[in-house]
*Asks:* 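Pasting a structure below so you can have a look.
Scope of the values below: all heavy atoms of this structure, side chains included, with no hydrogens, waters or symmetry mates. We count ligands from 1, going down the list as the structure has it; atoms in each ligand are counted the same way.
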Amino acid sequence: VVEAEAKRGIRPRASILSGGEKDFRPHHSRQMPVLPKIVQIHGDVTLGEFAQKLGIPAADVIIKAMELGEMLTMNKLLTTDMCELLAAEFQVQVEVIPENDAFDVKDIIGENVEIDPAKLRPRPPVVTIMGHVAHGKTTLLDTIRKANVAEGEYGGITQHIGAYHVETDRGEVIFLDTPGHEAFTAMRARGAQITDIVILIVAADDSLMPQTIEAINHSRAANVPIIVAINKIDLPGANVQKTRNDLMQYSLFSEDLGGDTIICEVSAKAGTGIDHLLEMVLLQAEIMELKADPEARPQGVIIESEIDPQRGINATVLIQEGTLRAGDPFVCGDVSGRIRMMINERGEQVDEALPAHPVEILGLSGCPQVGEHFLVVENERQARQIAEIREARRRRHTQSEALRPHVTLEGLADYLNQDDKPKDLNLVLKADVQGSVEAVSQAVKRLSTEKVNINILHSGVGGITESDVQLAMASDAVIIGFNVRPDNSAEDLSRNEKIEIKTYRVIYGLLEELQAAMLGMLDKKYKEITRGQAEIRQVFRVSRVGNIAGCYVTRGTISRNDKIRLIRDGVVVHEGELQSLRRIKDDAASVQAGYECGMGIRGFDDIKEGDVIEAYGHEEVTQTL
Ligand code: GDP
């Protein structure tokens, strides 16, 4: 029985009762309900569900938790440890069945979905084109498509389905046609890595630019090999040699210089060097020995999905294993269905799709998320069953505060001490000027010890953006801002995804906190919170008073006594306090979002239209176990 249970993933847990035959529980005293001896907990449960399993009022559990120093509510998700601790208080033993999707799926379809290495066959590479804006990503995609989409079939009516495949003499290549590292990393942040090779496009008249560097770092964080295409060599201003030299600073150099990077020179517009580039992509693919099993149970990843007023819900799936056929029942995330129709990128109806091929599918019960895993099952009933389990789980997770999945400085010591193995601490570092980026990188790297290797995934100048947060999500990193702040979308995404953004004014402050965090001695009593934000719409010069910012409050509330910082293009220009806060002509204690106001900053006059004033304060953190 134990063995069978172990196989099913049931972890027997020790409790104060295990091993002892005697049961001292006060079964028969007063109205005390008879508690079960043992309860099974499948995956995450909320406090309410936990109480229900024990057959006692939730209030009793809340009180017990309080006695243990924990303030909990009905909808709070309990950690495994918390369940055990609480159950022990009620003298009940818990068996935790870990929540595991692969396990649930296997349970329902009755087989392992793992791949048999003996059946693997070569498959074409999946390529993403990245690079700085206007360096030629779209042009390159178009040129390749026009030149190589199966002879004569490029009739102009190509459908945008998120990817397409081209045929060359040497083999096939699949291109994802949402170029750029943002889409690439967003997909990876959702757990789907489908790109095998990145083509990094660099315009020879412009050389490396900030997004080029982001693209390099995002590809590296994903461990995806980079092939460089130096573009626009037809331009008179093209400086290929300078571009090559600049690439070397990022360790991208060609074989003749002792490196291992393939660097091609192309003109996407004139079509020069494109065949050679494709050949190099296929050469790289051969080295990688990309394989898939065309006979396996079909699996893939959703790369696009939309609701079309005429055709209903449709999605594009990139097949990873197996051969997808019309009529197959499937589940992707919490959406299920049966393939009613499959359409390729030329708008043609097809009956099957092979590994690495993109295909648009019709017949979905809902709109799946991009990046969602797709799996063919035996029948529609199974598909619905799996979808329902996932749906219920998702609902529970959004209802209550989800368990914190990402690394944070606060939780760093626990993470490092999980076991004796050395660990990586990934950081994304943004600073106001290049000098700070370098100084901070070096100082931070020096904090690495035998147990923790501090890894800077990406560093750059400027405010913290959504793309930084995506990278942190995909690679489980903490974001460090040095004299910079997150923009609104970065802030929202980080809050929803529980990605930590720490910002500092002085290097010393950052180093001190990082060190304390590694030792588990971080002072967690107070944390900074942003109270409000206002945009400067106009600057008024007032004699003897100085410059007054005519503002519009965009978020939260700004109060006269808050601390404030002035942000210009994501960079913190000044930190201090307000001298004055006025609504219309009167002094105001605070001004809410949606209202205009005038603000003077104490001892600071260098304000400009478009600057942001952020009000912040500190809040006591309630301690948790
Ligand atoms: P993206 O923002 O990276 O997708 O860049 P685009 O593909 O939109 O290209 C930006 C501009 O550069 C467009 O005006 C293109 O016509 C031009 N362009 C792209 N490739 C070349 C090239 O090889 N030579 C020249 N002269 N112009 C190019």
Side-chain angles (χ1 to χ4, degrees), residues 126-149 154 156 158-166 168 173-187 194-195 197-220 222 224 226-247 250 252 254 261-281 303-304 345 358 370 458 460 462 465-468 470-471 489:
V126 178
V127 176
T128 297
I129 300 178
M130 299 187 190
H132 195 72
V133 62
H135 278 200
K137 296 182 292 290
T138 316
T139 311
L140 181 62
L141 270 169
D142 284 352
T143 305
I144 292 174
R145 163 135 58 178
K146 279 182 194 144
N148 294 279
V149 162
Y154 183 80
T158 50
Q159 219 168 319
H160 170 87
I161 66 167
Y164 60 86
H165 81 279
V166 300
T168 75
V173 183
I174 315 299
F175 282 93
L176 294 181
D177 73 0
T178 3
H181 59 271
E182 296 87 354
F184 169 87
T185 300
M187 188 82 111
I194 50 179
T195 301
I197 297 169
V198 163
I199 294 182
L200 178 74
I201 190 161
V202 192
D205 60 336
D206 214 13
S207 194
L208 270 65
M209 296 303 278
Q211 285 161 26
T212 322
I213 293 153
E214 283 189 19
I216 295 172
N217 292 330
H218 283 231
S219 313
R220 285 201 172 135
V224 176
I226 297 171
I227 292 181
V228 180
I230 300 183
N231 190 30
K232 305 198 188 183
I233 55 167
D234 58 299
L235 286 179
N239 190 341
V240 173
Q241 197 50 52
K242 177 182 187 298
T243 309
R244 283 185 179 267
N245 291 346
D246 291 348
L247 284 165
Y250 289 87
L252 293 168
S254 52
T261 307
I262 300 171
I263 301 180
C264 301
E265 294 172 17
V266 304
S267 167
K269 201 170 172 183
T272 324
I274 305 300
D275 287 345
H276 180 245
L277 175 65
L278 286 176
E279 227 170 86
M280 290 300 114
V281 167
I303 55 174
E304 282 212 333
E345 70 256 32
V370 168
H458 173 64
T465 62
E466 201 176 321
S467 149
D468 295 323
Q470 298 273 22
L471 179 60
S489 56

*Asks:* Does any N or O in the side chain of Thr185 come within less than 3.5 Å of the main-chain N or O of Gln470, such that one atom is a donor and the other an acceptor?
*Replies:*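 Checking the backbone N and O of Gln470 against the side chain of Thr185, no donor-acceptor pair under 3.5 Å is found.
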*Asks:* Find all atoms of ligand 1 within a distance of less than 4.0 Å from any non-hydrogen atom belonging to His135, and give their numbers and elements.
*Replies:*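 Near His135, the atoms of ligand 1 are 3 (O), 5 (O).
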*Asks:* Using a 4.0 Å cut-off to any heavy atom of Leu235, which atoms of ligand 1 qualify?
*Replies:*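 Answer for ligand 1: 26 (N).
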*Asks:* Checking Asp142 against Thr139: is there a side-chain donor and acceptor pair closer than 3.5 Å?
*Replies:*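 No, because no side-chain N or O of Thr139 sits under 3.5 Å from a partner of the opposite role on Asp142.
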*Asks:* So if I count the atoms of ligand 1 from 1 in the order they appear, which ones are less than 4.0 Å from some heavy atom of His132?
*Replies:*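 Numbered from 1, ligand 1 contributes 3 (O).
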*Asks:* CE/Met130 to OG1/Thr195 distance, rounded to the nearest 0.5 angstrom?
*Replies:*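 With rounding to 0.5 Å, CE (Met130) is 6.0 Å from OG1 (Thr195).
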*Asks:* Heavy-atom contacts under 4.0 Å between Thr139 and ligand 1: side chain, backbone, both, or neither?
*Replies:*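 Thr139 to ligand 1: contacts from backbone and side chain alike.
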*Asks:* Between Gly136 and ligand 1, is there a nitrogen or oxygen pair with a distance under 3.5 Å?
*Replies:*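 Checking ligand 1 against Gly136, an N or O pair does fall under 3.5 Å apart.
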*Asks:* For atom 20 (N) of ligand 1, grab the closest protein heavy atom and report residue, atom and distance to one decimal in Å.
*Replies:*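 Residue, atom and distance for the closest contact: Asn231 ND2, 3.1 Å.
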*Asks:* Just need the protein heavy atom nearest to atom 4 (O) of ligand 1, so name the residue and atom and give the distance.
*Replies:*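 For this ligand atom, the closest protein heavy atom is Thr138 OG1, 2.5 Å.
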*Asks:* Specify whether the nearest protein heavy atom to atom 14 (O) of ligand 1 is under 4.0 angstrom away.
*Replies:*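 So atom 14 (O) of ligand 1 lacks protein heavy-atom neighbours under 4.0 Å.
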*Asks:* Answer yes or no for Gly131: is there a heavy-atom contact with ligand 1 below 4.0 Å?
*Replies:*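 No; Gly131 lies far enough from ligand 1 that no heavy-atom distance drops under 4.0 Å.
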*Asks:* Find the distance between CG (Leu278) and SG (Cys264) and round it off to the nearest 0.5 Å.
*Replies:*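 So the CG of Leu278 and the SG of Cys264 are separated by 9.0 Å.
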*Asks:* Applying salt bridge (charged side-chain N to carboxylate O under 4.0 Å, His left out), run through Arg145 and Asp177 and close with a yes or a no.
*Replies:* CA-CA 10 Å; Arg145 163 135 58 178; Asp177 73 0; 3.6 Å; yes
*Asks:* Does an N or O from Ala268, backbone or side chain, lie closer than 3.5 Å to an N or O of ligand 1?
*Replies:*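 Yes, since at least one N or O of Ala268 sits under 3.5 Å from an N or O of ligand 1.
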*Asks:* Donor-acceptor check, side chain of Glu466 to backbone of Ser489, threshold 3.5 angstrom: yes or no?
*Replies:*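 The answer is no, because no donor-acceptor pair under 3.5 Å joins these two groups.
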*Asks:* Would you mind checking which non-hydrogen protein atom is closest to atom 27 (N) of ligand 1, with the distance to 0.1 Å?
*Replies:*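 Sorting protein heavy atoms by distance from atom 27 (N) of ligand 1 puts Lys269 CD, 3.5 Å first.
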*Asks:* Would a distance-only check, ignoring hydrogens and angles, find a side-chain to backbone donor-acceptor pair under 3.5 Å from His132 to Gln211?
*Replies:*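 Such a contact is found between His132 side chain and Gln211 backbone.
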*Asks:* In a check of side-chain contact (heavy atoms from CB on, under 4.5 Å) between Ile199 and each of Ile129, Asn231, Leu141, which one passes?
*Replies:*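 The residue from Ile129, Asn231, Leu141 that satisfies side-chain contact (heavy atoms from CB on, under 4.5 Å) with Ile199 turns out to be Ile129.
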*Asks:* Hey, could you give me the NZ/CD1 distance between Lys232 and Ile201, rounded to the nearest 0.5 Å?
*Replies:*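 If I round to the nearest 0.5 Å, the distance is 8.0 Å.
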*Asks:* Please report which non-hydrogen protein atom sits nearest to atom 3 (O) of ligand 1, along with the residue it belongs to and the distance in Å to one decimal place.
*Replies:*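 Residue, atom and distance for the closest contact: Lys137 N, 2.8 Å.
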*Asks:* To check your reading of the model: name the closest protein heavy atom to atom 18 (N) of ligand 1, its residue, and the distance in Å.
*Replies:*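 The answer is Lys232 CE, 3.6 Å.
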*Asks:* Ignoring hydrogens and angles, state whether a donor on the side chain of His165 or Glu345 is under 3.5 Å from an acceptor on the partner side chain.
*Replies:*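 Yes, because at least one side-chain N or O of His165 sits under 3.5 Å from a partner of the opposite role on Glu345.
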*Asks:* Near Asp234, which atoms of ligand 1 are under 4.0 Å from a heavy atom of that residue?
*Replies:*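 Within the 4.0 Å cut-off of Asp234, ligand 1 contributes 22 (C), 23 (O), 24 (N), 25 (C), 26 (N).
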*Asks:* Considering the heavy atoms of Ser267, write down every atom of ligand 1 situated less than 4.0 Å from one of them.
*Replies:*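 Near Ser267, the atoms of ligand 1 are 22 (C), 23 (O), 24 (N).
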*Asks:* Quick one: does Ala134 get an N or O within less than 3.5 Å of an N or O on ligand 1?
*Replies:*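 In this structure, Ala134 places an N or O atom under 3.5 Å from an N or O of ligand 1.
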